[in-house]
Number of protein chains: 2
Amino acid sequence: MSRPQRRFEDWLREHGLRVTHARVVVLEHAFRNFRHFEINELVESLERHRAGVSRATVYRTLPHLVRAGLLRRHDVGIRQTFYEPEYGRKHHEHMVCVRCGKILEFVDDEIERLQEEICQRHRFEPLSHTLQIQGVCRRCQTTAAAPGGPDPPALRRLGADGP
Amino acid sequence: MSRPQRRFEDWLREHGLRVTHARVVVLEHAFRNFRHFEINELVESLERHRAGVSRATVYRTLPHLVRAGLLRRHDVGIRQTFYEPEYGRKHHEHMVCVRCGKILEFVDDEIERLQEEICQRHRFEPLSHTLQIQGVCRRCQTTAAAPGGPDPPALRRLGADGP
DNA sequence: ATTCGTGCAAACCATTTGCAACCAC
DNA sequence: GTGGTTGCAAATGGTTTGCACGAAT
């Protein structure tokens, strides 16, 4: 049994929830197949593998995994909400390319420290945070148009102009 | 004519778009009545004032205002997407209380600087960024339950546990 | 045996869109 | 005049939910 699975099962029991087949399968899939995923990608992966777990259950399970500290949830405008396995990974932030949608990760301890400082100053108790930089990745800067064609709806909605 | 309005009209013309009554009214309303607003709040405000601008037009206008640099758009999980007037305000970030939904602002030049440094290092061209800290505001820390009742759906979805 | 969890399909709700009338240029 | 804009209502699409059945304790 994998480490995250162990932790999830413990967390479920501690919270008076049941350790069900479906919940374990969702966890396994998320951790085995993805680094970043949108819900639909996970659902389709489960369907392809004939996992026998419904979309509804996925939607009901993900918040538990977030609360258990095993997944992190991210909301931007440019992509749909996405999740990423968090267990055992160093905390990091994201740069999202508005052209191709690629996600780059970065770490900065100093920024983390400054955030804590700010929270203390405001007596604000931090639970989580999101730092995302939207922009154009190195590769897309040298490309005239977007690889996926010009301006998908999400980009227009966000108001992301070309440079 | 207000400064932001001037700027919007110029921007529209520069982009070959028309300066219509509806567009101007949306801008005025957003700037006159709100510091932070969700789309529905703006729509309802327009309806109350019998502004005669439809919801569809609001949805079509907001992205223009973002592109014109007059509004900033924010996506979290805890609240619906919200916008805020940006013109003439110092750049700032947000702390969002997961209990009462209140939004606190803060500024930190050092964090801004570090972000630029990181982008340079990765040859990533930044267009905008989002830094949000989700947590419990000072007032809600001393309150047993949430002022608005316990755990609205959005909080559960996000996976926001109490402390 | 009891109670919680699941699948299914319908419901929801924010956002987008097709289209005919309208208005800025 | 005419092509971009708007309002309306219908469509869309991600997410939630009611309910009866199945599974974990």
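Everything quoted here is computed from the prediction, not taken from an experiment. Here is the naming used below: chain letters follow the sequence lines, and residue numbers restart at 1 for every chain.
- The distance between atom CG of B:Asp75 and atom P of C:dT15, rounded to the nearest whole Å, is 9 Å.
- At distances below 3.5 Å, at least one donor-acceptor pair connects side-chain atoms of B:His92 with backbone N or O atoms of B:Lys90.
- Judged by closest nucleotide on DNA chain C, B:Ile39 is the one of B:Val19 and B:Ile39 placed further toward the 5' end.
- Taking 4.0 angstrom as the limit, B:Arg60 places none of its side-chain polar atoms (N or O) nearer than this to OP1 or OP2 of D:dT6.
- Taking every heavy atom of both residues into account, A:Glu125 and B:Gln141 meet most closely at N-NE2, 3.3 Å.
- The aromatic rings of B:His64 and B:Trp11 sit tilted, their planes meeting at an angle between 30° and 60°.
- For A:Leu62 and D:dT16, the CG to P distance is 10 Å, given to the nearest whole Å.
- The phosphate of C:dT15 (OP1 or OP2) has a side-chain N or O of B:Tyr59 nearer than 4.0 angstrom.
- Side-chain N/O atoms of A:Thr20 include one lying less than 4.0 angstrom from OP1 or OP2 on C:dT6.
- At whole-Å resolution of the value, NE2 in B:His21 and C1' in C:dC22 are 14 Å apart.
- In this structure, the CD atom of A:Glu41 is 14 Å from the C1' atom of D:dG14, given to the nearest Å.
- Remark: P of D:dA24 and CZ of A:Arg13 are 13 Å apart, rounded to the nearest angstrom.
- Residue A:Leu131 is found in a hydrophobic cluster whose other members, listed by chain and number, are A:Met95, A:Leu104, A:Phe106, A:Ile111, A:Leu114, A:Ile118, A:Phe124, A:Ile133, B:Met95, B:Leu104, B:Phe106, B:Ile111, B:Leu114, B:Ile118, B:Phe124, B:Leu131, B:Ile133; membership requires side-chain heavy atoms under 4.5 Å apart, directly or through intermediates.
- Side chain of A:Arg99 to backbone of A:Cys140: a donor-acceptor contact under 3.5 angstrom is found.
- Between A:Arg18 and C:dT3 there is no side-chain polar atom (N or O) within less than 4.0 angstrom of OP1 or OP2.
- Using a 4.0 Å heavy-atom criterion, one finds that B:Ala56 contacts the bases of the nucleic acid, with or without backbone contacts as well.
- Note: CD (A:Glu14) to C1' (D:dT25) measures 17 Å, nearest angstrom.
- Taking atom CZ on B:Arg79 and atom P on C:dA14, their separation rounds to 14 Å, with Å as the unit.
- Atom CZ of A:Phe82 and atom C1' of D:dG14 are 17 Å apart (whole Å).
- Residues A:Arg55 and B:Thr81 both approach DNA chain C. Their nearest nucleotides, taken by heavy-atom distance, put A:Arg55 toward the 5′ side.
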